[in-house]
Amino acid sequence: MLRTHTCGELRAECIDQEVTLCGWVDSYRDHGGGLFVDLRDRYGKTQVVFGPESGESVLNASRALRAEFVISATGKVAHRPEGTVNDKLPTGAIEVRCSQLQILNSSLTPVVSPSQTELPGEDLRLKHRYLDLRRPEMQKTLFLRSQIVKKMRDHFEEHGFIDVETPVLGRSTPEGARDYLVPSRIHRGAVYALPQSPQLYKQILMMAGYDRYVQVARCFRDEDLRADRQPEFTQLDMEMAFVDAEDVISVIDSLVVKVAREILGLEVTLPLPRMTYDEAMERFGHDAPDLRFGMELVDCTDLAAQSEFRVFRGVADSGGKVRGMNAPGGGKHYSRKNIDELTEFVQNDFGAKGLAWFRVEDDGTLFSPIAKNFDAALLQQFSDRLQAQPGDLLLFVADVWEVTCKALYGLRRRLGAELKLYDPDTMHFSWVVEFPMFAFDEDEQQWAAMHHPFTAPRPEDLDLLDSNPGQCRAQAYDLVINGSEAGGGTIRIHDNEIQKKVFKLLGLDEAASQERFGFLLDALQYGAPPHGGIALGIDRWVMLFGKRENIRDCIAFPKTQRATDLMTDAPGKVGPKQLEELGIRIVS
RNA sequence: GGGGCCGUAGCUCAAUUGGUUAGAGUACCGGACUGUCGAUCCGGUGGUUGCGGGUUCGAGUCCCGUCGGCCUCGCCA
């Protein structure tokens, strides 16, 4: 070892020890007669002092030190003189009086300074990721990530799960997200696909008798990126045989308790709150509601139908919905101009035609440009139903049900943050259950799987597969943390006939399902046990537990929004020889 | 594919309504200083205002295009 200690561990008890530290020069203060260096590694910072007692050559050499030089410094641990103790550093009581200095490597002036308080632009941070990752904040987050994954692995091992690796090169599944494809050299014209998840492999493992499987699995989806979405991401993937939904949920419940306790020191009480999909959509307009605050959606279609306001009447009469919510304190917080911005927000982002609003005045009456279309008694009914208090802002969207959901969900999220309706430090865990099996795809004029095509219907809804697929509910469960989908799973179909029936409903005829999923249908005929599981989004867990608002801060080497790596410049072009071997021609 | 924000010194930012030689902090370079810890003090270097066009007597500022970063809708079984 080139060092005897790290830069975070020396304390007053170590006085007079001869030590050698290695690290990066975080900052230096040259006083002419003496020079101070804060030496940094991932464990902390320690002050190294150069003075006359260091000897002339060492002192002179120290004058060459600059930010991010890598050095090895040997010397005695000493008390700092009275009055110079630094309370901000855990090592602040001591310093190392350097007697031997080795410059292990120099550094250019860092583009991204690990010690700087102002955060450089994210493009620079990504391009010089080796510098950005030196920042204590990034090191803290990646350490947190490591801890979370370890807790998960421990938990599943304690529960008898076996870690099995599944292929990265697989077969393209046409449903779901767009695949990343890998051309085959040996089979010209054929391609592998990178897995969107290990879904089918883990089901096959259940059929193979590995009744408790777990894997930290990299998944790939070639779709557009978001603040919480990367093209490659990591799932804690698990599957169990001979279980029902309660068994899977229970294993995750205890994991949540463990991680919350051991990572955050937080006691989570079980059972976690549960809500059905229908209830979540009705009360919050979304299947992963943020339950840290109220501001629930309220249906006022019946009241709207009684008004003279043409927009409300028209929508109510044509089968649409008029739904609203009460933004507490919003009447005081938002100006006319702010409300115009909110209107543009719901129009541009969610396709709402407009936003109707009422400000609750000090005397409890409702002020609005459209108030004249409502008589006083009706206004009072709106006011009562939304439990309006002076200073509140009542917001309404009139449209088809789906649009009211999206627009009000978007508003609720935005206003919840802007009006500070919750403490950002709280953590809220819940389950959303009883998802529909199918959603109707208007473009394709076709039922589409809400979760995936292998999801089992609830036994009591089995008949609905034939009579009314839209009403058929799945044995599905999503883990929601602070309004974020942190995991999702289902009980799978283990019956060949039901699986065939679902494929058929999804528009896959016998030949197509045989071609794509023949291996699954085959396996289902050789003694497939009942099974189900779940996948947890590890990157999102890190975001939520680490209070990061950006998934890129939770991944060592993430992609930009345009799915490039600014450090390596991936994806890149390849030469004609490589393309020729693969039988690929670039057309445009 | 659509909507929005941003791009000025190595870095973080400023620059009035379109108007003088584009400034500040920090970093960097030189000097001073034995106790600092965002060291301090003195002096200095540093600019294709992302790129290309246009409008104008005059563009960092306005317009069009383009490149890049971010947020978002669509998309994400």
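Since this is a predicted model, take the numbers as computed values, not measurements. In what follows, every chain begins at residue 1, and chains take the letters A, B, ... in the order their sequences are listed.
Taking the six-membered ring where the residue is Trp, A:H31 and A:F36 present perpendicular rings, their angle passing 60° and hence far from 30°. Between A:Y277 and A:F435, the ring planes are tilted. Angles from 30° to 60° get that label.
For A:F517 and A:F454, the ring centers are positioned less than 6.0 Å apart.
Nucleotides B:U20 and B:G60 have their P atoms positioned 10 Å apart, rounded to a whole Å. The separation of B:U49 from B:G30, taken at their C1' atoms, amounts to 29 Å, rounded to a whole angstrom. Across the P atoms, B:C42 and B:U26 are found 11 Å apart, a figure rounded to whole Å. With both ends at atom P, the span from B:C67 to B:G10 equals 25 Å, rounded to whole Å. One C1' atom belongs to B:A15, the other to B:U8, and the distance between them is 9 Å to the nearest Å.
Atom-to-atom, CG of A:L108 to P of B:C29 comes out at 12 Å; the value is rounded to the nearest Å. Distance CG (A:L126) to C1' (B:G7): 16 Å, rounded to an integer number of Å. Straight-line distance from the CG atom of A:D553 to the P atom of B:C70: 11 Å, rounded to whole Å.
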Worked check of side chain to side chain donor-acceptor pair (under 3.5 Å) between A:Q215 and A:T166: CA-CA 8 Å; A:Q215 181 182 196; A:T166 55; 3.0 Å; yes

Pair A:F220-A:R218, side chain to side chain contact (heavy atoms under 4.5 Å, CB included): steps then yes or no: CA-CA 7 Å; A:F220 305 86; A:R218 192 66 62 86; 3.5 Å; yes

Grab the N/O contacts between the protein and nucleotides 9-13 of chain B below 3.5 Å, and write none if there aren't any.
unit_1: B:C11; atom_1: O2'; unit_2: A:Q116; atom_2: NE2; d: 3.2
unit_1: B:U12; atom_1: OP1; unit_2: A:G121; atom_2: N; d: 2.6
unit_1: B:U12; atom_1: O2'; unit_2: A:E118; atom_2: OE2; d: 3.3

Output a table of nitrogen or oxygen pairs between the protein and nucleotides 39-43 of chain B separated by less than 3.5 Å.
unit_1: B:A39; atom_1: N6; unit_2: A:D30; atom_2: O; d: 2.8
unit_1: B:A39; atom_1: N1; unit_2: A:H31; atom_2: ND1; d: 3.4

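Without hydrogens or angle criteria, A:Q47 side chain to A:L39 main chain gives no donor-acceptor distance under 3.5 Å. Judged purely by atom type and a 3.5 angstrom limit, A:Q347 uses its side chain to pair as donor or acceptor with the backbone of A:K353. A side-chain donor-acceptor contact under 3.5 Å links A:T141 to the backbone of A:E137. Not a single donor-acceptor pair under 3.5 Å links the side chain of A:S484 to the backbone N or O of A:I481. Not one N or O on the side chain of A:W401 forms a donor-acceptor pair closer than 3.5 Å with the backbone of A:G320.
For residues 40-73 of chain A, proximity to RNA chain B is found at A:Q47, A:P52, A:R66, defined as any non-hydrogen atom under 4.0 angstrom from a strand atom. Near RNA chain B, meaning a heavy atom under 4.0 Å away, the residues from residues 222-240 of chain A are A:E223, A:D224, A:R226, A:A227, A:R229.
Contact annotation: A:K127 does not reach the phosphate of B:G68 (side-chain N/O to OP1 or OP2, under 4.0 Å). Within the 4.0 Å cut-off from OP1 or OP2 of B:U26, not a single side-chain nitrogen or oxygen of A:S115 is found. For B:G35, the OP1/OP2 oxygens have no side-chain nitrogen or oxygen of A:N86 closer than 4.0 Å.
Toward the 5' end of RNA chain B, the nearer of the two residues A:T564 and A:R413, judged by each one's closest nucleotide, is A:T564.
The base of B:C70 is not paired with the side chain of A:R562 by any donor and acceptor separated by under 3.5 Å. On a pure distance criterion of 3.5 Å, no polar donor-acceptor pair joins the side chain of A:E344 and the base of B:G3.
For the pair A:D278 and A:E434, the minimum side-chain heavy-atom distance is 4.5 Å or more. Looking only at side-chain heavy atoms (C-beta outward), A:T46 and A:D38 stay at 4.5 Å or farther from each other.
Residue A:K406 has its side chain nearest to B:G74 when only B:G74, B:U72, B:G35 are considered.
The salt bridge (Lys or Arg N to Asp or Glu O under 4.0 Å) contacts involving residues 409-419 of chain A comprise A:R414-A:E418, where partners must be two or more places apart or lie in separate chains. Listed by first and then second residue, the salt bridge (Lys or Arg N to Asp or Glu O under 4.0 Å) pairs involving residues 336-352 of chain A amount to none (not counting sequence neighbours).
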